[in-house]
Protein chains: 2
Amino acid sequence: MHDHSKVLEEVKKGMPEEKKLCRLAELFKLFGDGTRMKILYSLFESELCVCAISELLQMTQSAISHQLKILRDGNLIANRREGKTVYYFLADDHVRTIIGQGYEHITEGEEK
Amino acid sequence: MHDHSKVLEEVKKGMPEEKKLCRLAELFKLFGDGTRMKILYSLFESELCVCAISELLQMTQSAISHQLKILRDGNLIANRREGKTVYYFLADDHVRTIIGQGYEHITEGEEK
DNA sequence: CATTCATATGAACGTCTACTCATATATTAT
DNA sequence: ATAATATATGAGTAGACGTTCATATGAATG
């Protein structure tokens, strides 16, 4: 194996600590599922209650609730209760920004 | 179950087609792994060969190669061969932007 | 051509994950 | 209190995923 010490030293300096990189990966993992992505996108315009989301995505209430919990634990969404109904909404504008960047990437060089 | 037809109609209009949302999730999935995140970050400054990356991350060459393939299939990185050595580099500036947005999110409200 | 070095790849294996199903909790209405 | 509605949650399961191990490919060197 040839030598890389010089390059690696430089690269290491520019990198955040391991822990931070893993947290970063954990964050992106939240966006890395079709169901969660749809949920997040559905909250772009307005808050929605659980059963509205499950109706929109045509999935069971249970499946949606499980994913909502994951998103809430990740601080991407928050909720408020109004009687029996619980409304979920985006917790942070970063969510929109991050998804927007990804969207730009995949739609780049497309027309249809 | 109460009625959501009015709200859902609005929300549906604002949402991209299902296929696109899944592709978006697939994109973010690429960032959603510690090893891949480290690889991408290590390529922020300069291109690197496989064994440099595996030395940097202290992981086997095989593990790194597998992940490089995933990133390459996802068009986040590209490579060039120079003799026996293969150098990998970021394929797109979007990668930096997207990761940057995520980084901002997780470092928000931190000092240490 | 055989060897060595750098990288790629297929199979196997253990772990993680997203869903389902059953059930629990919480709130309102009767 | 009982029933009904909306949501949450634990256990179980099938499939996806990341690593390892063994091996293959590809290029330079003797």
Side-chain angles (χ1 to χ4, degrees), chain A residues 1-5 7-8 18 21-22 25-40 42-43 47-74 76-89, chain B residues 1-4 7-8 18 21-23 25-40 42-43 47-74 76-89:
Chain A
M1 183 171 62
H2 57 277
D3 182 51
H4 314 102
S5 42
V7 199
L8 292 188
E18 154 128 18
L21 288 172
C22 286
E26 289 304 313
L27 171 66
F28 283 116
K29 199 175 287 179
L30 296 174
F31 298 98
D33 172 77
T35 301
R36 286 194 293 271
M37 180 57 69
K38 288 174 201 164
I39 291 175
L40 290 171
S42 71
L43 300 178
E47 64 177 15
L48 289 175
C49 67
V50 179
C51 65
I53 299 172
S54 79
E55 191 183 331
L56 177 69
L57 305 192
Q58 298 272 67
M59 293 178 62
T60 64
Q61 172 266 317
S62 178
I64 298 297
S65 267
H66 278 295
Q67 294 305 329
L68 286 171
K69 175 170 172 48
I70 292 171
L71 291 171
R72 207 163 72 81
D73 288 348
L76 296 188
I77 62 177
N79 61 14
R80 70 181 177 87
R81 179 177 276 273
E82 196 176 304
K84 287 177 280 188
T85 309
V86 177
Y87 290 95
Y88 281 84
F89 49 90
Chain B
M1 184 171 60
H2 58 276
D3 183 52
H4 315 101
V7 199
L8 291 188
E18 153 129 20
L21 288 171
C22 286
R23 274 210 294 146
E26 288 305 313
L27 171 66
F28 283 116
K29 199 175 287 179
L30 296 173
F31 297 99
D33 172 76
T35 301
R36 287 194 294 272
M37 179 57 68
K38 288 174 201 165
I39 291 176
L40 290 171
S42 72
L43 300 177
E47 64 178 17
L48 289 175
C49 66
V50 179
C51 66
I53 299 172
S54 78
E55 191 182 333
L56 177 68
L57 305 193
Q58 298 273 66
M59 293 178 62
T60 64
Q61 172 266 319
S62 178
I64 298 297
S65 268
H66 279 295
Q67 295 304 332
L68 286 172
K69 176 169 171 48
I70 291 172
L71 291 172
R72 208 164 70 81
D73 288 349
L76 296 189
I77 62 177
N79 60 15
R80 71 183 177 85
R81 179 175 275 274
E82 197 177 303
K84 287 176 277 187
T85 309
V86 176
Y87 291 95
Y88 281 86
F89 49 91

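From a predicted model like this one, the values you see are computed outputs, not experimental measurements. In what follows, every chain begins at residue 1, and chains take the letters A, B, ... in the order their sequences are listed. Atom set for the values below is all heavy atoms of this structure, side chains included, hydrogens, waters and symmetry mates excluded.
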Trainee: Applying side-chain hydrogen bond (donor to acceptor under 3.5 Å, both in side chains), can you list everything that pairs with B:Gln58, at least two apart in sequence or on another chain?
Mentor: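 side-chain hydrogen bond (donor to acceptor under 3.5 Å, both in side chains) list for B:Gln58, sorted by chain: empty.
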
Trainee: If you measure from the Lys or Arg side-chain nitrogens to the Asp or Glu carboxylate oxygens, is any gap between B:Arg23 and B:Glu26 under 4.0 Å?
Mentor: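 No, this pair does not count.
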
Trainee: Measure all distances between protein nitrogen or oxygen atoms and nitrogen or oxygen atoms of nucleotides 25-30 of chain D, and list the pairs falling under 3.5 Å.
Mentor:
none

Trainee: Using a cut-off of 4.0 Å on non-hydrogen atoms, how would the nucleic acid contact of B:Thr85 be classed: base, sugar-phosphate, or nothing?
Mentor: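 Sugar-phosphate contact only - B:Thr85 comes under 4.0 Å of backbone atoms but never of a base.
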
Trainee: Report yes if the side chains of B:Leu76 and B:Ile70 come closer than 4.5 Å at any heavy-atom pair, otherwise no.
Mentor: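 No, too far: nothing below the 4.5 Å cut-off.
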
Trainee: Whole Å only: how far is the CD atom of B:Glu55 from the C1' atom of C:dT7?
Mentor: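 It is 16 Å, rounded to the nearest whole Å.
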
Trainee: What protein N or O atoms touch nucleotides 18-22 of chain D N or O atoms at under 3.5 angstrom, if any, and at what distances?
Mentor:
from   : atom 1 : to      : atom 2 : distance (Å)
D:dG18 : OP1    : B:Arg36 : NH1    : 3.0
D:dG18 : OP1    : B:Arg36 : NH2    : 2.9
D:dG18 : OP2    : B:Arg36 : NH1    : 3.3
D:dT19 : OP1    : B:Thr35 : OG1    : 2.7
D:dT19 : OP2    : B:Gln67 : NE2    : 2.9
D:dT20 : OP2    : B:Thr60 : OG1    : 3.0
D:dT20 : O4     : B:His66 : NE2    : 3.2
D:dC21 : N4     : B:Ser62 : OG     : 2.6

Trainee: Report the residues that fulfil salt bridge (Lys or Arg N to Asp or Glu O under 4.0 Å) with B:Glu47, sequence neighbours left out, ordered by chain and then residue number.
Mentor: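 Salt bridge (Lys or Arg N to Asp or Glu O under 4.0 Å) check on B:Glu47 returns B:Arg80.
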
Trainee: Distance check: side-chain N/O of B:His2 vs OP1/OP2 of D:dA6, anything under 4.0 Å?
Mentor: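 B:His2 to D:dA6 OP1/OP2: side-chain N or O found under 4.0 Å.
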
Trainee: Could you give the CG-to-P distance, from B:Leu71 to C:dT7, as a whole number of Å?
Mentor: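 The answer, rounded to whole Å, is 16 Å.
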
Trainee: Any side-chain heavy-atom pair from B:Glu82 and B:Cys49 closer than 4.5 angstrom?
Mentor: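 Contact flag for B:Glu82/B:Cys49 side chains = no.
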
Trainee: Rounded to the Å, how far apart are A:Ile77 CD1 and D:dT7 P?
Mentor: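 Going from CD1 in A:Ile77 over to P in D:dT7 covers 13 Å.
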
Trainee: Taking only the side-chain nitrogens and oxygens of B:Tyr88, find out if one of them lies under 4.0 Å from OP1 or OP2 of C:dA8.
Mentor: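 Answer yes for this pair, as a side-chain N or O of B:Tyr88 is under 4.0 Å from OP1 or OP2.
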
Trainee: What is the distance, rounded to the nearest whole Å, between atom CZ of A:Arg80 and atom P of D:dT7?
Mentor: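 Those two atoms, CZ and P, are 12 Å apart.
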
Trainee: Without decimals, in angstroms, what is the distance between A:Ile64 CD1 and C:dT17 P?
Mentor: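 To the nearest whole Å, that distance equals 18 Å.
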
Trainee: Would you mind reading off the distance between B:Ile53 atom CD1 and C:dA8 atom C1', rounded to a whole angstrom?
Mentor: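 Rounding to the nearest Å, CD1 of B:Ile53 and C1' of C:dA8 are 14 Å apart.
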
Trainee: Tell me, please, which residues at least two apart from A:Ser65 pass side-chain hydrogen bond (donor to acceptor under 3.5 Å, both in side chains).
Mentor: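 Checked A:Ser65 against side-chain hydrogen bond (donor to acceptor under 3.5 Å, both in side chains); matches are A:Gln61.
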
Trainee: Nearest-Å distance, NZ (A:Lys69) to C1' (D:dA11)?
Mentor: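 To the nearest whole Å, that distance equals 15 Å.
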
Trainee: Between B:Tyr87 (OH) and C:dC5 (C1'), how many Å, whole number?
Mentor: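 It works out to 13 Å between those atoms.
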
Trainee: Contact between A:Ile53 and A:Leu43 at the side-chain level, heavy atoms closer than 4.5 Å - yes or no?
Mentor: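 Sidechains of A:Leu43 and A:Ile53: in contact.
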
Trainee: Tell me every residue that passes side-chain hydrogen bond (donor to acceptor under 3.5 Å, both in side chains) with A:Lys84, counting only those two or more places apart in sequence or in another chain.
Mentor: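 With sequence neighbours excluded, A:Lys84 shows a side-chain hydrogen bond (donor to acceptor under 3.5 Å, both in side chains) to no residue whatsoever.
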
Trainee: Can you tell me if A:Arg36 uses its side chain to pair, donor with acceptor, with the backbone of B:Ala25 under 3.5 Å?
Mentor: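 No.
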
